[in-house]
Amino acid sequence: MPDPTALLHSVFGFPGFRPGQQEIVEAVLAGRNTLAIMPTGGGKSLCYQLPALCRAGVTVVISPLIALMRDQVRALREAGVEAGALTSGNTDEETEGVFQALDDGRLKLLYMAPERLSAGGTAVLLRRIGVSLIAVDEAHCVSQWGHDFRPDYLKIGELRRALGVPLAAFTATADAETRAEIVTRLFDGAAPATFLRGFDRPNIHLAFGVKDQPRRQILDFAIARRGQSGIVYCATRSKTEGLAQALREAGLPAIHYHGGMEADDRRLAETRFQQEDGLIVAATVAFGMGIDKPDIRWVAHADLPKSIEAYYQEIGRAGRDGAPAETLTLYGPEDIRLRRTQIDEGLAPPDRKAADHARLNALLGLAEAVGCRRQVLLGYFGETSAPCGACDLCDAPPETFDATEAVRKALSAALRTGESFGAGHLIDILTGQPTDKIRQRGHDALPTFGVGRDLTKPVWQAVFRQMMGRDLMRPDPERHGALRMTDAARPILRGEATIHLRRDTVQAKARPVVKTLVAEEDAPLLSALKAKRRALAEAQRVPAYVIFPDRTLIEMAERRPETLDQMAQITGIGAKKLESYGATFLAVITGAPPDALHPARRRLAGRAEGTLYDRLLAVQADLLRGADGTEKPLTCSAALLARVAELRPRDLDALGRILGERRAERFGSAFLAALDDG
Ligand code: ADP
Ligand code: ZN
């Protein structure tokens, strides 16, 4: 069986496994039933692609989205892997090609849409072609209670039984219910080898911002990242359209996307986003499932997501290629009110509503965190970590103050007015503003009137927002605009607990700093490399990342390889890609035309044999006219030298069989010495 680590280098061009991949690959290789839960971008595909290449027979991959399947197959072919797809999107020619490859016994990976499982004859076909492994992508689609339920996924268990081969299931959805359902439906309840991989996505920078001038804040964020692909999630359909328009007016390429658009328009938007480099989409949460773009460089939330799970999933779409990615989530008191109201007015039973409030609370706790955000986020998922150094609070620790007194005053203002008013009116009472409303209701006679004059109105706003964020006060579902105290606030009111809050987090606006993916001196080269990639991608009508992901171009721009051998060391460049694109990109870096390396030598680039070849070439030059420099010139062809380097004959006889008598006589012992050194 081929060694998976060797194929990881030579086919995929990766220097090593990502955390968790190796154990999964080993389990799948060993033929065990496997369930792997890994975050988006964790590198799940590799966990079945690599075993597929090592194992005998065909691996059938079941994946829910046809467009993504096609991109995956293209990307695999680019890496020199025999892969094909059988989907309703195929041309006859493509289908023909797949069957031809199957008949020749060449095909290693067969992607299949779940619909196909219902078609008659599929099990027979799969048995005939010698399927030895079933891989199921997005395995949570088998869960009837999830948003992504695909009835055809229910057929997978049956297929596994019919074929009697191991099954490897992959998903990013980690909750216990979904997991249990996957085990029941795909594995007949027999627990597979299960791998739950960390939730951390260390390359994603986390940041929250209090809404101040929300549109301006989003525009500044996007403008500072000009040229980078990003998603702006918005709470409403109309906002997606307005923001996309504003982004275009700011000179950025942007489109909108929401569930109210015609199916064709949605598909067009998805395709454009997938294929175009640097496009921004302003979207509702309807946008996502159909997207598998590894080089999304940023995700912004123009409005607060609905729960911590939703937040995690949405930001997780950024930076799947492992290169740095950034996020910004805006929120304000209105967002909190909106999300609470949505839960309260929803149709869910009471215990479910309570759970939804708790999940919203977890997100608000993250928004109002006073320490490292990643610690809070991972803590929610049951993981511990050190301060990350890649969130806004690690970048600039917030200033906090003892707000116990302030919170008690605020609670008392609410209680003394029958919990019937919103933050605005309560702040007027606290700061002693004799407004008409205050006078009419006699609130200027309350003992709390004016007790909060020591703090300014913006500070009070921050206090109220944080109180809502910590669920000390909630909007009253019955009375619009009114805030009620929650049980969580009682200990503070009774003087049994203290509380520290952040000083206002609305910061004086700094000019947006332009964020680049590489140091300033490497930026022009990166643009040139991207332009080359775009040209190649457009010519082949594939998304840019199918040629090379951002990460690979960034590494090229920083390390500036000067030879194909150095090029082969870059992450993401396997043997096939080196052959297809190495020289072209090298020419962009060195500014010279692609060098006239002999094809026989180019094939050895990045391997020990390449170095050996160069040594043989030098030895040969020394002996061109024999050891004493008086004989007739004699050389070996490049192909001959390459064969010597690859076969590494151990003695003169073996060498003679490759070189022939005359050449063996001239170069034999010198070549053997060179081979010995290597
Ligand atoms: P998932 O399906 O888990 O969301 P993918 O399988 O799409 O993630 O992988 C995300 C990205 O990470 C892809 O661009 C892939 O090429 C890259 N990747 C996967 N494994 C490795 C690795 N060991 N080293 C470097 N990059 C990797
Ligand atoms: Zn941090």
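Start at 1 and go down the list; that is how both ligands and their atoms are numbered.
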| field | salt_bridge(R534, D277) N-O dist < 4.0 Å | value | yes
| Can you tell me if P39 has a non-hydrogen atom under 4.0 Å from ligand 1? | yes
| task | Would you indicate whether the side-chain heavy atoms of L328 and H301 approach each other to under 4.5 Å? | result | no
| Centroid-centroid distance, F585 to F548, less than 6.0 Å | yes
| query | Judged by non-hydrogen atoms, does P15 sit under 4.0 Å from ligand 1? | reply | no
| message | Geometry only, no angles: is R18 polar-contacting ligand 1 at N/O separations under 3.5 Å? | response | yes
| With only distance considered, is F17 within less than 3.5 Å of ligand 1 through an N or O on each side? | no
| query | Under 4.0 angstrom from ligand 1, any heavy atom of R320? | reply | yes
| message | I'd like to know whether ligand 1 has G42 as a neighbour, heavy-atom separation below 4.0 Å. | response | yes
| Can you list the ligand 1 atoms lying under 4.0 Å from a non-hydrogen atom of G43? | 1 (P), 3 (O), 5 (P), 6 (O), 8 (O), 9 (O), 19 (C)
| query | Ion pair present between R533 and E538, side-chain N to carboxylate O less than 4.0 angstrom? | reply | no
| query | Hey, does P549 sit under 4.0 Å from ligand 1 if you only count heavy atoms? | reply | no
| task | Give a yes or no on whether a salt bridge exists between R225 and E326, defined as a side-chain N under 4.0 angstrom from a carboxylate O. | result | yes
| request: Establish, yes or no, whether a centroid distance under 6.0 Å links the rings of F17 and F12. | output: no
| Where the Zn ion (ligand 2) is the centre, what is the SG-to-SG angle for C372 and C391, rounded to 10°? | 120°
| query | Hey, is ligand 1 close enough to R551 that some N/O pair sits below 3.5 Å? | reply | no
